[in-house]
Amino acid sequence: MGTATGGLGPAGELAGWYAACGRDLPWRRAGTDGWRILLSEVMLQQTPVARVLPVWERWARRWPAPSAMASATAGEVLREWGSLGYPRRALRLHECASILAREHGDTVPGKVDTLLGLPGIGAYTARAIACFAYGQRVPVVDINVRRVVARTVHGRGDPGPPSTRRDLEDVDAMLPAGSADAARFSAAIMEFGALVCTARAPACDSCPLTECHWRALGFPIYEGPRRATQKFEGTDRQARGRLMAVLRAAHGPVARARLDVAWTRDPAQRDRALGTLLIDGLVEQTADGMFALPGEH
DNA sequence: AAGACGTGGAA
DNA sequence: TTTCCAAGTCT
């Protein structure tokens with residue numbers, strides 16, 4: 001690539017690169033239905049492909065349709081979710097399955113506005129499903145896309161804080177006219193951001209793009225506001241994670257003491273964590289004062 | 001509109 | 001060891 005392609009344009013260049021270098025991920029194979037696409041998109045929220053792969057394969061087999069998942073308990077779904085992180089996603093998926101089974105004929109809707117009304121489906125995921133499952137010509141904007149646009153179009157090394165409205169307009173302006181081309185473009189630009197135009201060490205040496213404003217400007221260092229790095233060690237989130245791990249590993253309800261030993265450094269924090277897990281519906285208390293994953297008692 | 005929300009691997 | 005990062009969503 002890169003020699004005398006004159007006129008292909010960024011969309012064409014990305015499409016060519018994607019055809020040659022895109023990964024053969026199972027949810028991208030022809031014929032993958034909307035439900036399985038939805039599962040993959042939710043699992044991939046803030047979670048690397050490598051960790052999603054085995055879980056998605058198992059889920060796609062075990063729960064081939066929303067109704068199948070709806071008939072499982074939330075606890076079973078949480079257990080299958082394992083350590084993917086942000087287990088509220090699993091809970092919302094379970095709710096989503098019930099809604100789809102009950103109100104949408106056991107199928108996944110194709111309209112962005114309808115998808116946006118489902119639990120756990122936001123601006124990115126709704127458009128990703130509409131685009132990748134149903135071939136609609138809608139802008140699909142994730143962190144990869146925002147980073148590629150920031151660099152190639154705006155000449156900034158980092159996209160800075162998100163602005164859904166602005167980001168959607170930026171990408172909409174780049175979308176090829178045909179829906180099939182637009183869908184291919186979105187898959188390609190996301191993959192490009194994930195494999196080449198990466199956050200930490202972009203592979204500019206092997207970049208397939210003829211034009212990049214960031215490169216043209218000499219790769220200026222990003223000056224804007226930096227998102228505060230979140231602590232994890234010692235936080236409520238870590239405590240919640242420990243408690244959930246105990247519940248997942250157990251077969252049925254566990255006694256309070258079993259949870260207490262999972263986080264001993266700060267009893268008040270442990271109580272707070274358990275309290276919010278109860279509120280979130282990730283944990284339930286049994287009649288005799290034990291604790292369990294929802295529906296598992 | 002910042003901040004909460006998991007987890008593990010790489011630099 | 002510490003920090004950063006991974007196809008965001010919700011409040």
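Letters A, B, ... are given to chains in the order of the sequence lines, protein chains preceding strands, and every chain is numbered from 1.
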J.: In whole Å, what is the span from the CG atom of A/Leu91 to the C1' atom of B/dC5?
T.: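 To the nearest whole Å, that distance equals 13 Å.
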J.: Looking only at atom P, what distance separates B/dG6 and C/dT11, rounded to whole Å?
T.: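 Those two atoms are separated by 14 Å.
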J.: Given 3.5 Å as the limit, does a donor-acceptor pair link the side chain of A/His94 with the main chain of A/Ala72, or not?
T.: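 Such a contact is found between A/His94 side chain and A/Ala72 backbone.
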J.: Could you tell me how far apart A/Glu233 (CD) and B/dG9 (P) are, to the nearest whole angstrom?
T.: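 A/Glu233 atom CD is separated from B/dG9 atom P by 16 Å.
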J.: Over how many whole Å does the gap from A/Arg89 atom CZ to B/dC5 atom C1' extend?
T.: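 These atoms are roughly 10 Å apart.
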J.: At under 4.0 Å, does any side-chain N or O of A/Ser83 touch on OP1 or OP2 of B/dG6?
T.: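 Answer is no, no contact under 4.0 Å.
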J.: May I have the step-by-step check of salt bridge (Lys or Arg N to Asp or Glu O under 4.0 Å) for A/Glu233 and A/Arg265, ending in yes or no?
T.: CA-CA 12 Å; A/Glu233 182 64 31; A/Arg265 70 178 89 175; 3.4 Å; yes
J.: For the residue pair A/Leu118 and A/Pro109, what are the closest heavy atoms and their distance?
T.: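 Smallest interatomic distance, heavy atoms only, reads CD1-CG, 4.2 Å.
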J.: Nearest whole angstrom, please: distance from the P of B/dG9 to the CG of A/Leu53.
T.: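 Answer to the nearest Å: 15 Å.
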J.: Can you tell me how far C1' of B/dG6 sits from CG of A/Leu247, to the nearest Å?
T.: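 Checked: the CG to C1' distance equals 15 Å.
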J.: With rounding to whole Å, what would you report as the distance between B/dC5 and C/dT2 at their P atoms?
T.: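 Approximately 22 Å lies between the P atom of B/dC5 and that of C/dT2.
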J.: Please determine which of A/Arg258, A/His251, A/Arg256 meets the side-chain contact (heavy atoms from CB on, under 4.5 Å) test together with A/Val254.
T.: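 Of A/Arg258, A/His251, A/Arg256, side-chain contact (heavy atoms from CB on, under 4.5 Å) with A/Val254 is met by A/Arg258 alone.
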J.: If I pick the P atom on C/dA6 and the same atom on B/dA1, what distance separates them, to the nearest angstrom?
T.: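 About 24 Å, rounded to a whole number of Å.
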J.: Which part of the nucleic acid does A/Pro162 contact within heavy-atom distance under 4.0 Å: base, sugar-phosphate only, or nothing?
T.: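 No contact.
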J.: Between A/Asp170 and A/Arg166 (salt bridge meaning N to carboxylate O under 4.0 Å), is one present in this structure?
T.: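 Result for this pair is yes, salt bridge flagged.
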J.: Can you tell me, in whole Å, how much space there is between the P of C/dA7 and that of B/dA11?
T.: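 That atom pair is separated by 15 Å.
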J.: For a 4.5 angstrom cut-off between non-hydrogen side-chain atoms, does A/Leu259 reach A/Arg270?
T.: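 In short, these two side chains do not touch, never coming nearer than 4.5 Å.
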J.: Tell me: CG of A/Asp167 to P of B/dA1, nearest whole Å?
T.: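 For the pair A/Asp167 CG and B/dA1 P, the rounded distance is 14 Å.
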J.: Please check if the number of heavy atoms outside A/Glu169 that lie under 6.0 Å from its CD is greater than 12.
T.: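 Correct, the count exceeds 12.
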J.: Tell me: CZ of A/Phe232 to C1' of B/dG3, nearest whole Å?
T.: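 Checked: the CZ to C1' distance equals 16 Å.
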J.: Measure CG/A/Asp280 against P/B/dC5 and give the value in whole Å, please.
T.: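 Those two atoms, CG and P, are 8 Å apart.
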J.: What does nucleotides 3-9 of chain C look like as a protein-contact string, B for base, S for sugar-phosphate only, - for none, at under 4.0 angstrom between heavy atoms?
T.: -BSBBBS
